[in-house]
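Notes for the one structure printed next.
What you see below is based on every heavy atom in this structure, not just the backbone, and it leaves out hydrogens, waters and symmetry mates. The chains referred to below are lettered A, B, ... by the order of the sequence lines, with proteins before strands, and numbering in each begins at 1.
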Amino acid sequence: MTRPAPLPVADLAQLHDKLLDWFARTARDLPWRRNASPWAVMVSEFMLQQTPVSRVLPVYKAWVQRWPTPAALAAESPGEAVRAWGRLGYPRRALRLHAAATAIVDRHGGEVPSSLEDLLALPGVGAYTAAAVSSFAFGGREAVLDTNVRRVFARVVRGEQFPPDSVTSAERDLASGLLPVRDAHRWAAATMELGALICTARSPRCDACPVADLCRWRAAGYPAYDGPVRRGQAWHGTDRQCRGRLMAVLREAPGPVPKSALDAAWADAVQRERALDGLVADGLVDPLPDDTYSLPR
DNA sequence: GAGGCGTGGTG
DNA sequence: TCACCAAGCCT
């Protein structure tokens, strides 16, 4: 695998200046960017994992109003967190955010920790979220590698349409090497914003791109992605769809539901039982002694 | 490391 | 229409 030549220092300086300037002029006014507390930033990052901004906005606002601190969330049942998660998807995130709040109260006196190590030790916090909270909540200088940043760097620096399937050490090294000495947290937000709004996966708006003149993918004539075929996520008829139906029944009920209510949500009994067992194993559903089911208490 | 895990907007 | 895609994490 040949590596692209490193970006000349002059080009790197231009990249920094142009992108930071573009971001300063055009950044979206998102609530978690408006002097939000570290906890609010963490809530937004959990919600934004694999979920678009537009769908996160209303749920985020309700959450930070209802649970303005880790202690406030930790004082509730995990089931309330799952219910308030609504239709954001991946409800295990709600469970993990609740567990993270509890850990923050237990281990950090109720204050979101600022070190990468402490953040990574929290449930539901991986490499991306730890770096994002460090950067956006505390102004830390960390390489923030999300799907947007990876695509931007693949194109602008490596000259390729898409990054590899999973994060490589080469990508981490590249991202670290590109970090500006100052304003690294703005750089992180700017590269994410460029990927989200301009350098998009399907139809990039190169005419509006502030660094189009530096982009190696553009200079190379937009060569098509040359790598393994990426598998789409199956959905119709899968256990995931079934789990979603069962969770919807539980979310919408005010309390425990009879087994019959779950049975009515999915026809295939074998698959339904398997999915329900999985939800119980995940801690998303509590089977009660009277043969009813509820969100975890 | 590959696969499982929700949901809805979009080209 | 219907795959594809979206600020990943965990096992």
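Checked by atom type, the side-chain pair E45(A)/Y128(A) shows a donor-acceptor distance below 3.5 Å. Of the N and O atoms on the side chains of T51(A) and R93(A), at least one donor lies less than 3.5 Å from an acceptor on the other residue. Using modelled atom types, one finds a donor on one side chain and an acceptor on the other under 3.5 Å when comparing R240(A) with Y90(A).
Between W235(A) atom CH2 and dC5(B) atom C1' there is a gap of 9 Å when expressed in whole angstrom units. Between M192(A) atom CE and dA7(C) atom C1' the separation is 4 Å, expressed in whole Å. Here dC5(C) presents its C1' atom at 16 Å from CD of Q49(A), a figure rounded to the nearest Å. Summarising the geometry, the separation between CE on M247(A) and P on dC5(B) is reported as 13 Å, rounded to the nearest angstrom. Note: OH (Y90(A)) to C1' (dA7(C)) measures 14 Å, nearest angstrom. Atom-to-atom, CZ of R93(A) to C1' of dG6(B) comes out at 8 Å; the value is rounded to the nearest Å. The interatomic distance linking L88(A) (CG) with dG8(C) (P) rounds to 14 Å, in whole Å. Look at CZ on F162(A): it is 11 Å from P on dC4(C), rounded to the nearest Å.
D282(A) places no side-chain N or O within 3.5 Å of a backbone atom of L284(A) that could act as its donor or acceptor partner.
Between Q50(A) and the phosphate of dG8(C), there is a side-chain N or O to OP1/OP2 separation shorter than 4.0 Å.
Contacts between residues 115-152 of chain A and DNA chain B, counted as heavy-atom distances below 4.0 Å, involve no residue at all. Contacts with DNA chain B (heavy atom under 4.0 Å) in residues 20-43 of chain A: none are found.
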As a quick check of understanding, evaluate side chain to side chain contact (heavy atoms under 4.5 Å, CB included) for D213(A) and Q14(A), giving each step before the final call.
CA-CA 10 Å; D213(A) 59 330; Q14(A) 273 199 61; 4.3 Å; yes
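A gap of 16 Å separates the P atoms of dG3(B) and dC4(C), to the nearest Å. Spacing of C1' atoms, dA7(C) relative to dA2(B), comes out at 23 Å, to the nearest Å. Between the P atoms of dA6(C) and dG1(B), the separation comes to 22 Å (whole Å). For dT11(C) and dG6(B), the P atoms lie 14 Å apart once the distance is rounded to whole Å.
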Expected rows: protein N/O vs nucleotides 2-4 of chain B N/O, under 3.5 Å:
none

Can you check nucleotides 8-11 of chain B for protein contacts, nitrogen or oxygen pairs under 3.5 Å, and list what you find?
| unit_1 | atom_1 | unit_2 | atom_2 | d |
| --- | --- | --- | --- | --- |
| dG8(B) | OP1 | R87(A) | NE | 2.2 |
| dG8(B) | OP1 | R87(A) | NH2 | 3.4 |
| dG8(B) | OP2 | R87(A) | NH2 | 3.1 |

List, one per line, each side-chain donor-acceptor pair under 3.5 Å for residues 99-107 of chain A, sequence neighbours excluded.
| unit_1 | atom_1 | unit_2 | atom_2 | d |
| --- | --- | --- | --- | --- |
| T102(A) | OG1 | H98(A) | O | 3.1 |
| R107(A) | NH2 | A121(A) | O | 3.4 |

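In terms of heavy-atom proximity, A275(A) sits nearest to L246(A) at CB-CD1, 4.1 Å. Closest heavy-atom contact between A84(A) and R66(A): CB-NH1, 4.1 Å.
Q241(A) comes within 4.0 angstrom of nothing in the nucleic acid, heavy atoms only.
At a threshold of 4.0 Å, the pair K259(A)-D291(A) does not count as salt-bridged, since none of the basic side-chain nitrogens sits closer than that to a carboxylate oxygen. Under 4.0 Å is where a charged nitrogen must lie from a carboxylate oxygen, and between R186(A) and E193(A) no such pair does.
Atom SG of C215(A) and atom CZ of R155(A) lie 8.0 Å apart (nearest 0.5 Å). Separating the CG atom in L197(A) from the CZ atom in R205(A) is a distance of 7.5 Å, to the nearest 0.5 Å.
Considering only residues two or more places apart in sequence or on other chains, Y222(A) meets the ring-ring contact (aromatic ring centres under 6.0 Å, His included) condition with W217(A).
Between F153(A) and W187(A), the ring planes are parallel. Angles under 30° get that label, and only those over 60° would be called perpendicular.
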